[in-house]
Each structure stands twice: as structure tokens, then as C-alpha cells.
Amino acid sequence: MTNDLFIYNTLTRKKEKFEPIDPPFVGLYACGPTVYGDAHLGHARQAITFDLLFRTLRYLDYRVRYVRNITDVGHLENDADEGEDKILKKAKLESLEPMEVVQHFMNRYHENMHDLNVLPPSIEPRASGHIIEQQELIRKIMEAGYAYEVNGSVYFDVNHYSKSHPYGQLSGRKIEDLISNTRALDGQSEKRNALDFALWKKADPSHIMRWTSEWSEGYPGWHLECSAMSTKYLGMQFDIHGGGMDLLFPHHECEIAQNVAGYGKPSVKYWMHNNMITINGKKMGRSLGNFITLDQFFSGDHQMLEQAYAPSTIRFFILQAHYRSPLDFSNEALQGSEKGLMRMLKAIEDLEPIIAAASSSIDVDDLVSRCDKAMKDDMNTPVLIAHLFDGVKWINGLSEGRHTITSEDLEKLRSLYHDYVYSVLGLSRPEASDPAEGITSDLVEMILQLRTDAKSNRDFDTADRIRDGLTTLGITVKDRKDGADWEIN
RNA sequence: GGUCGGUUUGCCGAGUGGCUAGGCGCUGGUCUGCAAAACCAGUUACAGCGGUUCGAAUCCGCUACCGACCUCCA
């Protein structure tokens with residue numbers, strides 16, 4: 001089995017063999033959320049995609065430093081807004097300190113990520129904590145001659161830069177097309193060219209989030225933080241930079257330009273982008289207002305949701321599509337994922353009591369290598385999951401005596417599911433967190449024992465009355481040969 | 001308008017020039033006092049029209065429709 005992982009590099013538009021700059025170390029950076037609102041399904045996809053990559057790389061024995069930032073400053077509403085950023089706008093609205101808003105939504109984001117079994121990154125830097133580094137980078141870019149100051153604001157000179165460097169390579173754009181298609185917005189008169197983007201913005205008097213600098217009291221432009229923080233923690237050259245496809249242009253394109261202008265060469269070897277979640281065929285996003293937050297999914301409290309969905313169901317739903325394909329939300333699809341996940345998890349539990357035999361009637365090695373191949377093919381989780389479901393059929397066959405397995409193969413099969421389902425895919429059985437759950441459980445067990453006794457006395461009236469009573473309470477009884485299982489609906 | 005991508009069976013979604021993706025649903029069956037659950041089996045599609053090929057859903061062209069980005073966005 002080789003260790004060759006292939007990943008799709010947006011920069012070259014090809015799947016490439018992953019070769020770290022300094023093996024076994026891997027530097028991974030992914031653009032995290034802007035914390036001015038609750039996280040929605042799209043944020044989950046971004047986080048899960050790069051969590052999956054983080055887990056996959058670790059599974060392949062790489063030593064990974066994963067940096068995922070928190071944007072807590074500097075995202076301009078648009079250039080015409082003259083100094084009011086999103087954080088600040090929300091803060092005014094709710095009469096809170098900007099940092100309080102940031103803290104609030106950051107905490108909630110962390111809770112959501114925990115629920116989704118997204119591992120904490122190695123470092124989670126915040127833009128507001130790296131103003132010095134960002135200013136440093138602005139100076140470097142100015143020294144190199146690729147930025148200019150106007151009225152206390154500093155802009156990147158895209159036109160000048162593009163004369164000696166390719167601009168638009170990552171997003172596949174041509175500078176001429178960009179020039180002819182860029183909308184002329186109000187308040188851009190300061191810029192030499194409509195394509196130029198802000199590195200530093202002078203704050204207007206009403207703007208409370210501000211820092212001092214040699215140019216003005218102001219705040220950094222929104223592309224700058226990722227350039228500054230990624231290189232601070234991962235070095236001038238690092239392996240992988242990820243984010244949502246919607247960040248490709250202009251955000252990541254600008255990042256490349258900033259790094260080349262400031263540091264002399266590009267910093268990122270592989271660019272990876274996850275696709276969007278759609279809802280009724282349209283991208284789910286804050287700006288469109290058509291999003292469903294993760295909390296709403298978990299509670300079922302949204303008009304479009306027919307029920308609550310467990311975090312692991314959401315995770316499985318996302319992993320059942322390839323990260324570069326769009327994924328359309330629907331209740332039907334989510335319910336399908338819920339059922340499928342339960343079936344998979346049940347099979348893994350059923351793996352435990354299986355007893356080994358002298359020979360195997362199933363080809364475990366083949367299954368292992370198919371799974372391995374799927375995962376190393378640009379993290380093809382839908383195919384991996386399809387293979388794992390093939391194995392589920394085998395496990396059921398083993399449980400029912402239709403298949404046999406040697407102890408060696410059984411061990412392989414158990415680690416296969418443990419490694420892929422739990423460690424790499426990061427799936428888990430939805431756990432009951434209600435403290436009353438334990439007592440409920442004991443009570444139901446006790447009642448069911450009475451019913452089993454009644455059944456063995458052929459007192460089916462009593463048995464049925466007990467079952468009907470439990471059904472009314474929302475407890476489904478599932479008879480086995482030697483008793484009964486149950487679940488709360 | 002420009003750039004890029006997509007259109008797969010009831011739904012969600014993989015994939016490849018010739019060989020059953022998978023899940024859900026549905027249908028049938030096994031098990032069961034009955035039911036449910038579980039398990040097993042069945043369920044063969046690739047927008048339209050041309051072309052290349054022994055053979056295309058898979059390659060090429062055109063058409064239709066959809067989406068993303070071009071302004072903050074995961």
C-alpha cells in the first residue's frame with residue numbers, strides 16, 4: 001500500500017500527487033468564518049472538508065500543523081461603505097462592544113464545531129490579534145513598490161503588479177477582462193484602478209474598531225489577514241491553503257498577489273476549495289438570507305425543516321458528496337443520510353461479537369485496498385462510503401452465519417471500520433446528553449422485561465398493552481428472539 | 001455581458017470509453033404470537049441533436065436549461 005495521496009490543486013486544475021515541502025511535516029491553512037452571525041450549513045461543509053483533510057493527513061502519518069483563522073475585523077461591507085465593517089455594523093445594531101459580538105459568535109461557532117466532531121485546529125489565530133503583522137506586510141509591499149497611499153488608506157496596485165506577475169491565475173481570469181468588467185462603485189475615486197484593493201483603510205470618525213499606523217488610524221483590508229497569519233505560523237512557503245470556492249476570487253487571488261509582492265514569491269503549493277451547499281438550487285449564504293443555521297438543524301426549529309437532524313447526520317450527509325461537487329439540501333436527502341448512517345454504525349457494533357472461523361468467505365484485503373484507494377483519490381468520500389456499505393452487507397452476513405472470517409481478517413475488518421468511520425470520517429453515534437436519559441433507560445428496560453415475561457406466558461394482551469403504552473410515549477419497541485430493543489423517536 | 005462549472009434512475013449522489021457505484025425510497029421475501037424493527041433480494045439511469053469509435057452516459061461540436069464568481073460571502 002503506498003502513501004501517495006492525490007489532491008486536486010485549483011492552481012493547476014489537476015489532481016496532483018501530494019508531496020509536502022518538508023516531510024513528514026505538513027502546513028495546512030484554511031479560511032475560517034467571519035464571526036458576526038451564527039454558522040450555517042455552508043460553514044459546516046468548509047469546516048468538515050478541511051477537518052477531513054486534517055484527519056486524512058494525520059492518518060497517513062504526516063505531522064500536520066493546521067491553522068484556521070477567525071476573521072473578527074476588517075471585512076468591509078463594500079468599498080462604498082467608507083469604513084463600516086460587518087462586525088461593527090452588527091455591534092451598533094445590538095449596542096454591544098464589537099469584541100463582545102465576536103466572542104459571542106466565536107463561542108457558538110466552537111460549540112457547533114464540537115458537535116460536528118470537527119477537531120480543533122492546531123492554531124486558531126484572530127485577525128484582530130495580528131494587526132502588527134499585517135502592518136508589517138503592508139510595509140513590505142509598499143517597499144517593493146506594489147502599493148500606494150492615498151488620504152491615509154493604502155491600496156494594492158494591481159495594474160502595476162500584473163505587468164510583472166500573473167494576476168488572476170488561480171481563478172482563471174485575465175486582467176483585461178477584469179478591468180472591463182469591474183463595476184464602478186461609489187467611493188472608489190481614491191483608487192488608481194477599480195481593481196485595486198485596500199490593504200489599509202482610514203477609519204472614519206464613527207468607526208470604533210481602529211488601530212494606529214503610520215498611514216492613519218484605521219484597520220487592515222480584508223485579504224491581508226490570511227497572508228499575514230498563514231506565513232507567520234506556517235512559514236514563507238507552506239503546503240496547502242483551503243477555503244470555500246466563493247473565496248477563490250478575489251480573496252485568494254489577492255492573497256497570492258500580496259505574498260508575491262511582499263515576500264517575493266508565492267507561498268502556497270496546493271490550493272484546495274470546497275464547493276457550496278445549495279438550497280432549492282441556489283447557494284446557501286448569508287448575503288442571500290437563505291441559510292439554515294447549524295443550531296436550527298440540530299433543533300429542527302426552522303420552517304424548512306421537517307425534523308431535527310443530529311450533528312453526525314449532517315456530517316454524514318456532507319461526506320456522502322464529494323467536497324468539490326455542489327450539494328443540494330433537502331429533507332428527503334437528509335433523512336436518507338440519517339438512515340444510512342444508522343445502518344453503518346449498527347454494523348460496526350455488530351462487528352464486536354463476531355467469532356472467527358478457520359477460513360474467510362469474504363475478501364477483506366480487497367475491501368481495505370478499495371477504501372484506501374478511494375480516500376487517496378482526492379478524498380473521494382462518497383466512493384469510500386459506498387465500499388464501506390459493501391462491507392456492511394458482509395458484516396450482516398457474518399452475524400447471521402452466511403459468511404465466515406478468520407481471526408486475522410476479523411481484526412483487519414475491525415480496524416478498517418474503526419479507522420475510516422471514526423478516525424478519518426469522524427463519524428460517531430449521536431449520544432444522548434440528557435441526564436434523565438439514564439433513568440429513562442433503566443425504566444424502559446424494566447418495563448420491557450415485564451413484557452418479555454408476559455410474552456413467555458403467552459399473555460399477549462398484557463404484552464401488547466405494554467407495547468402500545470410505550471408507543472404512545474414515543475418509544476418504539478423492536479422485538480428480538482431473546483427480549484427487545486427500543487428507541488425513543 | 002465576461003470567466004468557469006454543471007445537467008445521472010422516484011430522491012440524494014459516485015464513476016468510467018466496453019464490466020451492478022452506494023445510500024434513501026419502492027416492491028417482494030426471511031424472521032416474528034401479531035406488528036414494527038432488522039436482514040436478504042429485486043429495482044440499470046445518464047438533458048437534446050449531431051460527430052469520432054467496433055463500441056459513449058463517459059471524447060468532440062452545437063442547442064437548451066441550471067449554478068458559481070465578477071461586490072461581503074464557507
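Small disclaimer: the values here were computed from a predicted structure and weren't measured. Each chain gets a letter, A, B and so on, in the order the sequences are listed, and its residues count up from 1.
Nucleotides B/U71 and B/U20, compared at atom P, are 49 Å apart to the nearest Å. Taking atom P on both nucleotides, B/G55 is separated from B/C65 by 32 Å, rounded to a whole Å. The same atom, C1', is picked in B/G10 and in B/G17; the two are 29 Å apart, to the nearest Å. With both ends at atom P, the span from B/U44 to B/C11 equals 15 Å, rounded to whole Å. If you take atom P in B/C26 and the same atom in B/U63, they sit 43 Å apart, rounded to whole Å. Rounded to the nearest Å, the gap between the C1' atom of B/G22 and that of B/A36 is 26 Å. Annotation: B/G33 and B/A45 have their P atoms spaced 42 Å apart (nearest Å). Taking the C1' atoms as reference points, B/C59 lies 16 Å from B/G15, given to the whole Å.
Pairing for B/G15 is absent, judged as Watson-Crick or G-U wobble with the two contacts each under 3.5 Å. Nucleotide B/G5 forms a Watson-Crick or G-U wobble pair with B/C66, both donor-acceptor distances falling under 3.5 Å. In this structure, B/U52 makes no Watson-Crick or G-U wobble pair, since no nucleotide meets both defining distances under 3.5 angstrom. Checking B/U20 for Watson-Crick or G-U wobble geometry (two distances, each under 3.5 Å) identifies no partner in any strand. B/U44: no Watson-Crick or G-U partner with both key distances under 3.5 Å is found in any strand. When both pairing distances are held under 3.5 Å, B/U30 makes a Watson-Crick or G-U pair with B/A38.
When the nearest nucleotides of RNA chain B are assigned to A/D377 and A/V392 by heavy-atom distance, the more 5′-ward of the two goes with A/D377. Nucleotides of RNA chain B nearest to A/G172 and A/C31 differ in position, and the one nearer the 5' end is that of A/G172.
In the set B/C11, B/C40, B/C12, B/C12 carries the atom at the smallest distance from any side-chain atom of A/D328. Relative to the side chain of A/K282, the nucleotides B/G67, B/A35, B/A74 differ in distance, and B/G67 lies closest. Closest approach to the A/D390 side chain among B/A74, B/C11, B/G22 is made by B/G22 (side chain taken as heavy atoms from C-beta onward). Picking from B/C4, B/G22, B/A14 the nucleotide with the shortest atom distance to the side chain of A/R13 gives B/C4. Of the candidates B/C40, B/A74, B/C12, B/C12 carries the atom nearest the A/F317 side chain, counting heavy atoms from C-beta on. In this structure, the nucleotide among B/A14, B/A38, B/C34 sitting nearest to the side chain of A/R451 is B/C34. Proximity note for A/R286 (side chain, C-beta onward) versus B/A35, B/A38, B/A74: the nearest is B/A74. Among the nucleotides B/C11, B/A21, B/C73, the one closest to the side chain of A/P382 is B/A21. Ranking B/G23, B/C39, B/C70 by closeness to the A/F249 side chain, first place goes to B/C70. The side chain of A/L178 has B/C70 as its nearest neighbour among B/C70, B/G13, B/G33.
For the pair A/R68 and A/F54, the NZ or CZ position fails the cation-pi test of under 6.0 Å to the six-membered ring centre and within 45 degrees of the ring normal.
The distance from atom NE2 of A/H251 to atom P of B/C69 is 15 Å, rounded to the nearest whole Å. Between A/K201 atom NZ and B/C72 atom C1' the separation is 14 Å, expressed in whole Å. The interatomic distance linking A/H403 (NE2) with B/C39 (P) rounds to 14 Å, in whole Å. Atom CG in A/D246 sits roughly 5 Å away from atom C1' in B/C73 (whole-Å rounding). A/I277 places its CD1 atom 14 Å from the C1' atom of B/A68, with the value rounded to the nearest Å. Here B/G25 presents its C1' atom at 15 Å from CG of A/L334, a figure rounded to the nearest Å. Nucleotide B/A38 holds its P atom 15 Å from the CE atom of A/M344, rounded to whole Å.
In this structure, A/K174 does not reach the B/U3 phosphate: none of its side-chain N or O atoms is under 4.0 Å from OP1 or OP2. When the side-chain nitrogen and oxygen atoms of A/K339 are compared with OP1 and OP2 of B/G25, one or more of them lie within a distance under 4.0 Å. For B/C34, the OP1/OP2 oxygens have no side-chain nitrogen or oxygen of A/K455 closer than 4.0 Å. Distances shown here put a side-chain N or O of A/R343 below 4.0 Å from the OP1 or OP2 atom of B/C24. The shortest distance between the side-chain N/O atoms of A/N380 and the OP1/OP2 oxygens of B/G15 is below 4.0 Å. For A/N396 and B/C40, the shortest distance from a side-chain N or O to OP1 or OP2 is below 4.0 Å. An OP1 or OP2 oxygen of B/A74 is reached within less than 4.0 angstrom by a side-chain nitrogen or oxygen of A/T34. Residue A/S325 places at least one side-chain N or O closer than 4.0 Å to OP1 or OP2 of B/A14.
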Could you go through the salt bridge (charged side-chain N to carboxylate O under 4.0 Å, His left out) check for A/K373 and A/D377 one step at a time? CA-CA 6 Å; A/K373 195 175 156 215; A/D377 180 18; over 6 Å; no

Salt bridge (charged side-chain N to carboxylate O under 4.0 Å, His left out) for A/D350 and A/K346? Distances and angles first, verdict last. CA-CA 6 Å; A/D350 290 347; A/K346 182 183 163 293; 2.9 Å; yes

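A/H252 and A/W271 have tilted rings, their planes meeting at an angle from 30° to 60° on a 0 to 90° scale. By the 30° and 60° cut-offs, the orientation of the rings of A/Y161 relative to A/Y167 is perpendicular.
For B/C39, its base never sits under 3.5 Å from the side chain of A/R402 at any donor and acceptor pair. Between the base of B/C73 and the side chain of A/K283 there is a donor-acceptor pair shorter than 3.5 Å. Taking 3.5 Å as the limit, the base of B/G67 and the side chain of A/N280 contain no donor-acceptor pair of atoms between them.
To the nearest 0.5 Å, atoms CG (A/L425) and CG (A/L384) are separated by 5.0 Å. Note: A/Y309 OH to A/F297 CZ = 8.0 Å, rounded to the nearest 0.5 Å. Atom CG of residue A/N274 and atom OG of residue A/S325 lie 11.5 Å apart, to the nearest 0.5 angstrom.
Using modelled atom types and a 3.5 Å distance limit, the side chains of A/E111 and A/N107 yield no donor-acceptor pair. Between the side chains of A/D295 and A/N112, at least one donor N or O lies within less than 3.5 Å of an accepting N or O.
Under the stacking definition used here (centres under 5.5 Å, planes under 30°), the residue A/F460 qualifies as stacked on the base of B/G33.
Using a 4.0 Å heavy-atom distance criterion, A/M276 is classed as a base contact. A/A386 comes within 4.0 angstrom of a nucleotide base, judged by non-hydrogen atoms across all strands. Among the atoms of the strands shown, none is found under 4.0 Å from any heavy atom of A/L41.
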